[in-house]
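Just so it is clear: chains get the letters A, B, ... in the order the sequence lines come, proteins before strands, and each one is counted from 1. Side chains included, hydrogens not; waters and symmetry mates left out as well; all remaining heavy atoms used.
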Amino acid sequence: KAGVTQTPRYLIKTRGQQVTLSCSPISGHRSVSWYQQTPGQGLQFLFEYFSETQRNKGNFPGRFSGRQFSNSRSEMNVSTLELGDSALYLCASSLGQLDHGYTFGSGTRLTVV
Amino acid sequence: SQQGEEDPQALSIQEGENATMNCSYKTSINNLQWYRQNSGRGLVHLILIRSNEREKHSGRLRVTLDTSKKSSSLLITASRAADTASYFCATTSGTYKYIFGTGTRLKVLA
């Protein structure tokens, strides 16, 4: 079966712009989580959606937002980009139960200049 | 702050040797998972161990969990060059929010 698909793979944006990243989970997976990975901070949890509802949120400013559609596809949006937002953004899908592991996408590499 | 801290930060071994990495966490957990990441790509789920389990095996992987010490270890036996990657532990305390550790970079020399 198809894996988790993240688009685009690479993105270069200018400070102040906004960006939307997309994630298509594995068919049947209703939970989508987003992580930001940087060399300095490691993997930081952004938020998790299950059946179109945000169940958990990490400690990121309001510039970071997300949503999930009825087909479980998810998008995250970052507004007013800052240089520090440059990172690998990873999406992970799961069945949404605690004893199930994540399946990660390959990530979107965002560079803010 | 991160829930999990891996130790060592980096490890270099010869092919065929065993690799052991450790993870410590701060609060009580529901389960602990280990993931592998190759060269900044997506993470691959390796194994999940529940809080009421002490040891689990999967192929060449052996994971132990000591909830009294709030620590876990991942043993990779008979390492191969293809095992070269970063390894992360991830824990949840009952919410649908997994916290990842800082990772151990493993290099297996052929």
message = Let me check something: do B:Trp34 and B:Leu61 share a hydrophobic cluster, defined by ILVMFWY side-chain heavy atoms less than 4.5 Å apart, either directly or through other members?
response = yes
With a 4.5 angstrom heavy-atom cut-off, is it the side chain or the backbone of [X] that approaches chain A, or both, or neither?
| X | answer |
| --- | --- |
| B:Arg50 | side chain |
| B:Tyr98 | both |
| B:Leu48 | side chain |

Under 4.5 Å from a heavy atom of chain B, the part of [X] involved:
| X | answer |
| --- | --- |
| A:Gln6 | neither |
| A:Phe45 | side chain |
| A:Phe50 | neither |

query = Can you name the one residue among A:Glu48, A:His100, A:Gln68 that meets side-chain hydrogen bond (donor to acceptor under 3.5 Å, both in side chains) with A:Ser31?
reply = A:Glu48
ask   = Name the one of B:Lys107, B:Arg36, B:Arg60 that satisfies side-chain hydrogen bond (donor to acceptor under 3.5 Å, both in side chains) with B:Asp83?
value = B:Arg60
query = Are B:Arg62 and B:Glu55 close enough for a salt bridge, meaning some N to O gap below 4.0 Å?
reply = yes
ask   = Should B:Lys26 and B:Glu5 count as an ion pair when the cut-off is N to O under 4.0 Å?
value = no
